[in-house]
K.L.:
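Have a look at this one.
If you're wondering where the values come from, they're calculated on a predicted model, not measured in any experiment. Chain A is the first sequence line, chain B the second, and so forth, proteins listed ahead of strands; every chain is numbered from 1.
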Amino acid sequence: MSKYITILSKGLYSFIKTKYENGFNYLLDITAIDYSEYETEHKQQYALVYILRHQDFKQVIIIKTYISSLYIDSISDIFSGANWLEREVYDQYGIEFNNHPNMRRVLNHREFVGFPLRKSYPITKGQLLYEVDDLLDEMKNHLKYKNIKDKDLMFLNIGPAHPASHGTIRTYVALDGETIAAAITEIGYLHRGFEKSCENHTYNQIVPYTDRLNYCSAISNNIAFVKTVEEMLNLDITPRAKAIRVMLLELSRIEDHLVCLAAILVDMGGLTNYWYIYNPREDIYDLLSKLTGARLTNSFMRVGGMANDLYDGFKADLKNVLIKVKEGIDEALSLIKHNRIFHDRTQNIGIISAKDAINASLTGPNLRASGISFDMRKDNPYYGYENYDFDVVVGSIGDVYDRIMVRFEEITQSTSIIKQVMKNLPDGEVNIKDASVVLPKKEDVYNTIEGVMNQFKLIIDGVKVASNEYYSSIEATNGELGFFIVSDGSGTPYKVKVKSPSFSAIAAYPSMIEGSLLADSILTLGSLNIIAGEMDR
Amino acid sequence: MELENPQLPTDTAIVTKLEEAVGWARESSLWPMIFGTACCAIEFMSAASSRYDISRFGAEVVRFAPKQADLMIVAGTISYKQAPILKQIYEQMCEPKWVISMGACACSGGFYDNYTTMQGIDEIIPVDVYVAGCPPRPEALLDALISLQKDLREKKYNPKRHKNFKGALDNV
Ligand code: SF4
């Protein structure tokens, strides 16, 4: 449970500083709320929300402050991870941060006029961009800040349409020979307006949108979202649903790590690994399409449970899949484990120290690779994770090698969790019995008037969530994936903010590659497993 | 035109129309360039990997440089921010060239009817084949490829077919 504190905007900076010194040194998220269409006694239109986690990784505080002017002090000198989060608030809401080193848009393009997450901005009002930002002025500032005066630098764009930049990440580098002297990263090329779309759909309609955040492990996004809504509704889902969710979470983790590992090994020139690692993923797809109807974008979860129960024979299919996964990673590991080229290309490359990783709000395997054993499944267990026997995998120095190996080992741990779940899978329903949340059975809809009414009301109005402001998160593949939801009693959320692990990782990326070789920057990017859908939302 | 008869003597001359011969040659030597931005690109990865194996259809030389490719597969959501890049890369490809628009987003914006998303790439570049789905299965992409090849064989493609195309970004 998180603690909610409302303070005056004047003392915000010093308040957060004290909190930081008292152990709340991990910044989860910063966002704003536009209250102009919300019934509240406060006069101010905007409030800012800061979500911090304690270094024990258990307590969370949500600090909220109403602001009457559109200016507030930046906290980016306390948390390096705040830099981009504040830029996003500026980009989406037009609130400016004093003393911020680089107050410019981050998701929307440079010719964009207006602030899209303000309630007054019409959702469908798109704005054409004719020419891409050359980033020259930003680079100039950055070189000045880094005190680099060398005239012999060569400037190069890597991406956004570069095969190793995953289609949507652009890094503009100043090269001194082969070494990167300075780098700036631009994102937003896959900004798809997730958060604005949420304000226009009912809670269950949002589930398909969450699929497309981290599309390599769609189900874990579904779960993170519906879990938050269920907690807002004070619902306790059935034991069987919990167990199935744990199993699917771990299967998604495997699925996602497989793509990440396959892709980074291709980036390194190891194409054979790609076939070994990617093919088991096809087997997972077969299983998931049998279960959910879709290979990639499963949309399987619903508030209060899930679309349907497991099919007959699922257990045997799953067993086969796990065998295939094991074969695949064993083959791949046999190619790289003692491979000199692999070691030379990954060890001591793209290092981020534990302290910097925390300060930059890195999370998940990327944080654990730096030696910090933070895992929501252990530190804030949910769905009975405390009953399963598994290890938190940590690296030693936080280089590319650690990040890759942590993922390989996590696949093994996840396999073990899945086996434990399937051994003791509870019987019973997968959906709770609550007509105001879960759709009625189809035979009732066809045969009874109450069933028809119930179905109609739930589809048209959605699940109603009483006024609340709530943050909850799970350990998704890339780390802590959280949702901050503001509800207003209707069936549509008033505001949704995603705490996205990839966003923090990409914000830390430029500083990780400065000083390294150009070719190594590609591997560093691959090892962070940036998923554009989740990063840009 | 079939060249499957193994008994064909080597000194045989075959009479055909030049454009038919060219169409036949093009059909199986498409060099795709993948412009992948989002979820659909993951399904392209499946189409290229060994289960679906796009090379069975003579289109496996995936290029990442537009200048070496003649078939662009746009897989994923194209935002307004991405649009000028898509256009620039399309223009860098040499004629003759073809475009497959893979997935609901590329075809129409998909369910992202909002301030960020281009409502279909055909607002900026011409498209030859649309593939429905969110994401389309790899088979659907292969089907699009085969239908494109069929049209090439039947020489339905006039290289000048898009001469008068004017997209939203061409007005400047
Ligand atoms: S069509 Fe669907 S799967 Fe493809 S990019 Fe769009 S949202 Fe993703």
K.L.:
Below 4.5 Å from any heavy atom of chain B, which atoms of A:D536 appear? Answer side chain, backbone, both or neither.
P.N.:
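When you check distances to chain B, no heavy atom of A:D536 falls under 4.5 Å.
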K.L.:
Which region of A:I187, side chain (C-beta onward) or backbone (N, CA, C, O), has a non-hydrogen atom less than 4.5 Å from a non-hydrogen atom of chain B, or is it both or neither?
P.N.:
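When you check distances to chain B, only backbone atoms of A:I187 fall under 4.5 Å.
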K.L.:
Does any backbone or side-chain atom of B:Y52 lie under 4.5 Å from a heavy atom of chain A? Answer side chain, backbone, both or neither.
P.N.:
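Side chain of B:Y52 only, per the 4.5 Å heavy-atom cut-off to chain A.
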K.L.:
Could you go through A:Y278 and B:S46, starting from their C-alpha distance and side-chain angles, then the distance that decides it, and tell me whether this counts as side chain to side chain donor-acceptor pair (under 3.5 Å)?
P.N.:
CA-CA 8 Å; A:Y278 199 85; B:S46 284; 3.0 Å; yes
K.L.:
After noting the C-alpha distance and the side-chain angles of B:T77 and A:R212, does the key distance pass the side chain to side chain donor-acceptor pair (under 3.5 Å) rule?
P.N.:
CA-CA 11 Å; B:T77 320; A:R212 288 145 181 89; over 6 Å; no
K.L.:
Please confirm whether the backbone N or O of B:C134 pairs with a side-chain atom of A:T297, one donor and one acceptor, at under 3.5 Å?
P.N.:
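Yes, A:T297 side chain to B:C134 backbone: donor-acceptor pair under 3.5 Å.
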K.L.:
Does any backbone or side-chain atom of A:I123 lie under 4.5 Å from a heavy atom of chain B? Answer side chain, backbone, both or neither.
P.N.:
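Both the backbone and the side chain of A:I123 come within 4.5 Å of chain B.
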K.L.:
Is it the side chain or the backbone of A:E282 that comes within 4.5 Å of chain B heavy atoms, both, or neither?
P.N.:
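Its backbone and side chain both get close to chain B.
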K.L.:
Please flag which part of A:L107 lies under 4.5 Å from any non-hydrogen atom of chain B: side chain, backbone, both or neither.
P.N.:
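The answer is the backbone of A:L107.
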K.L.:
Hey, is OH on A:Y276 packed in by over 12 heavy atoms from elsewhere, all under 6.0 Å?
P.N.:
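Open.
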K.L.:
Which bit of B:M118 comes within less than 4.5 Å of chain A, counting heavy atoms only: side chain, backbone, both or neither?
P.N.:
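Answer is side chain: those atoms of B:M118 sit under 4.5 Å from chain A.
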K.L.:
Considering only heavy atoms and a distance below 4.5 Å, find which of B:I34, B:I78, B:I42, B:T117 pairs most often with chain A.
P.N.:
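Answer, by heavy-atom pair count under 4.5 Å with chain A: B:I42.
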K.L.:
Among B:T116, B:D113, B:I85, B:I89, which has the most heavy-atom pairs under 4.5 Å with chain A?
P.N.:
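Maximum pair count with chain A is reached by B:T116.
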K.L.:
I'd like to know whether B:Y80 forms a side chain to side chain donor-acceptor pair (under 3.5 Å) with A:H191, so could you lay out the CA-CA distance, the side-chain angles of the two residues, the decisive distance to 0.1 Å, and finally the verdict.
P.N.:
CA-CA 9 Å; B:Y80 288 106; A:H191 179 43; over 6 Å; no
K.L.:
Less than 4.5 Å to any heavy atom of chain B: does that hold for the side chain of A:R281, its backbone, both, or neither?
P.N.:
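Only the side chain of A:R281 comes within 4.5 Å of chain B.
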K.L.:
If I measure from the heavy atoms of chain B, does A:Q205 come under 4.5 Å with its side chain, its backbone, both, or neither?
P.N.:
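Contact with chain B involves no heavy atom of A:Q205 at all.
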K.L.:
Regarding B:R51 and A:D283, does a basic nitrogen lie under 4.0 Å from an acidic carboxylate oxygen?
P.N.:
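Answer for the salt bridge query: yes.
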K.L.:
Which answer fits A:R192, side chain, backbone, both or neither, if we ask what part of it has an atom under 4.5 Å from a heavy atom of chain B?
P.N.:
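Both backbone and side chain.
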K.L.:
Relative to the ring of A:Y209, is the ring of B:F111 parallel (under 30°), tilted (30 to 60°) or perpendicular (over 60°)?
P.N.:
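Answer is parallel, since the angle falls under 30°.
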